[in-house]
Amino acid sequence: MTDGRHDALLDRLPPEATAVLIVEPEAVARNYARFAAQAPHAETGAVVKANGYGLGTADVVRALARAGCKTFFVATPGEAHRVRQANPTATIYVLDGLLLRTESYLGENGARPVLASYAEAAEWATYCTRLARRLPAAIQLDTGMHRLGMSEADVKRLAASPDILHAFKLTLILSQLARADLIGDAKNTEQRQRFETLARKLPKAPWSLAAASGLFLDQGFHYDLARPGMPLYGGIPCPAGAALVEPVGFLYARILQVHEAAAGETAGYGGQRRFDKPMRLATLAIGYADGYGRSLSDSGTDDGAVAHIGDYPAPVAGRISMDLTTIDVGAVPPELVRRGGFACMMGDKTTVDDLATKAGTIPYEILTRIGPRVRRVVA
């Protein structure tokens, strides 16, 4: 049925489970340790936003904490709440900044906003003054991404507003590199220089510029805190980091039917794939509603993604639909292909990066789009 790695877990699934994502938290911890070793003189935090990149916030946070991670980055206040539930002692930064009227929510969860404008800094200062407490916060600088971050004008205005800066405790200054995966790219040096120029105008605090790919740039980019994300979950951030990453999430789909197709027949909507010989096919309970997208289809002229049953490849045949995917099991021993069994859609043979390449996207999107119908199980 599979290569045996997860057979016991799959056998224990209830029969109504059509697809499952098996998560190996200890692989997250091992990936973290390898990437932390790239910046031995800096603290290494972890980005756990988007439900731990689709793998489950609580499980990955606990695994990372066991590995020594103390600082966690999320996108939204709600995500901060879930991290706090999983780890009462975590330092949590909210990358989306200070949303309007969320001061109390962040304060109650002990979360630190990453302030991205003068207005946000003023609002956080007002909240701290009202409580008569200098609560911690970070400041994000826009060094050339033009997403979130304080402009040079904002920084100068804030630097000239000691009443605001003294009202809260500045615990981190950060920015984001736009081309960190391209070692030697001039944009990285430009952003680093701009980051230092702006950061020096603010009160002294730890600096953070390197995310995952930034760890493979010159050590001067590491500063005080690195914050990897994707490689912790099995995705390769840049070629230099490929050897350090092991898979974390294994996506399986249940076999609903095994059947034959004659030469000249077609598979899937549109009939794009026409068979030039008799075929043995299996239909799986997974489709684009589960995050296994149409871009992984076999179009008839472009091969589809490859699933595996045991060690045997079983490529997608025809167009993927909302709930169903058909695979070619002609190369799989018949005794391994049975109704109720499972095919592995993503894991150590077809990796998340393989799927991303096939889909013309990035591994971040593949993992975070795995849908709610897919049952999460911890190995």
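All values below come from the heavy atoms of this structure, side chains included, with hydrogens, waters and symmetry mates left out.
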In a table with atom names and distances, give each donor-acceptor pair under 3.5 Å that connects a side chain of residues 100-107 to protein atoms at least two apart or in another chain.
{"unit_1": "Thr102", "atom_1": "OG1", "unit_2": "Leu99", "atom_2": "N", "d": "3.4"}
{"unit_1": "Thr102", "atom_1": "OG1", "unit_2": "Leu99", "atom_2": "O", "d": "2.6"}

Begin with the C-alpha distance, continue with both residues' side-chain angles, and end with the deciding distance and a verdict on side chain to side chain contact (heavy atoms under 4.5 Å, CB included) for Glu26 and Arg66. CA-CA 9 Å; Glu26 293 312 308; Arg66 290 194 297 271; 2.7 Å; yes
Under 3.5 Å donor-acceptor, [X] side chain and [Y] backbone:
X	Y	value
Ser208	Leu225	yes
Asn51	Tyr53	no
Arg84	Asn87	yes
Ser213	Pro237	yes
Arg254	Gly340	yes
Asn109	Ala80	no
Tyr32	Thr44	yes
Arg280	Val332	yes
Glu79	Ala75	yes
Ser297	Ile320	yes

Quick one: side-chain contact (heavy atoms from CB on, under 4.5 Å) partners of [X], sequence neighbours excluded?
X	answer
Phe221	Leu177, Asn188, Arg192, Leu209, Leu217, Asp218
Ser299	Thr301, Asp302
Phe216	Phe35, Gln38, Ile183, Cys238, Ala240, Leu244

Sidechain N-carboxylate O distance under 4.0 Å for [X], [Y]:
X	Y	answer
Lys358	Asp303	no
Glu196	Arg200	yes
Lys156	Glu152	yes
Asp59	Arg376	no

Given a cutoff of under 4.5 Å between side-chain heavy atoms of I, L, V, M, F, W and Y, with clusters grown through shared members, what are the other residues clustered with Leu148?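 Members other than Leu148 - counting any ILVMFWY side chain reachable under 4.5 Å - there are none.
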Quick one, Val337 and Tyr312 - any side-chain contact, counting heavy atoms below 4.5 Å?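 Val337 vs Tyr312: side chains apart.
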Can a donor-acceptor pair be found between the side chains of Gln140 and Tyr93 at a distance below 3.5 Å?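 Not at all, the side chains of Gln140 and Tyr93 share no donor-acceptor pair under 3.5 Å.
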Tell me yes or no: between the side chains of Asp354 and Thr357, is some donor less than 3.5 Å from an acceptor?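 The answer is no; no qualifying pair exists.
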Go through the structure and list residues passing ring pair (Phe, Tyr, Trp, His ring centres under 6.0 Å) with Phe72, not counting sequence neighbours.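 None.
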Go through the steps for Ser175 and Gln191 under the test side chain to side chain donor-acceptor pair (under 3.5 Å), then give the verdict. CA-CA 9 Å; Ser175 189; Gln191 284 194 260; 4.7 Å; no
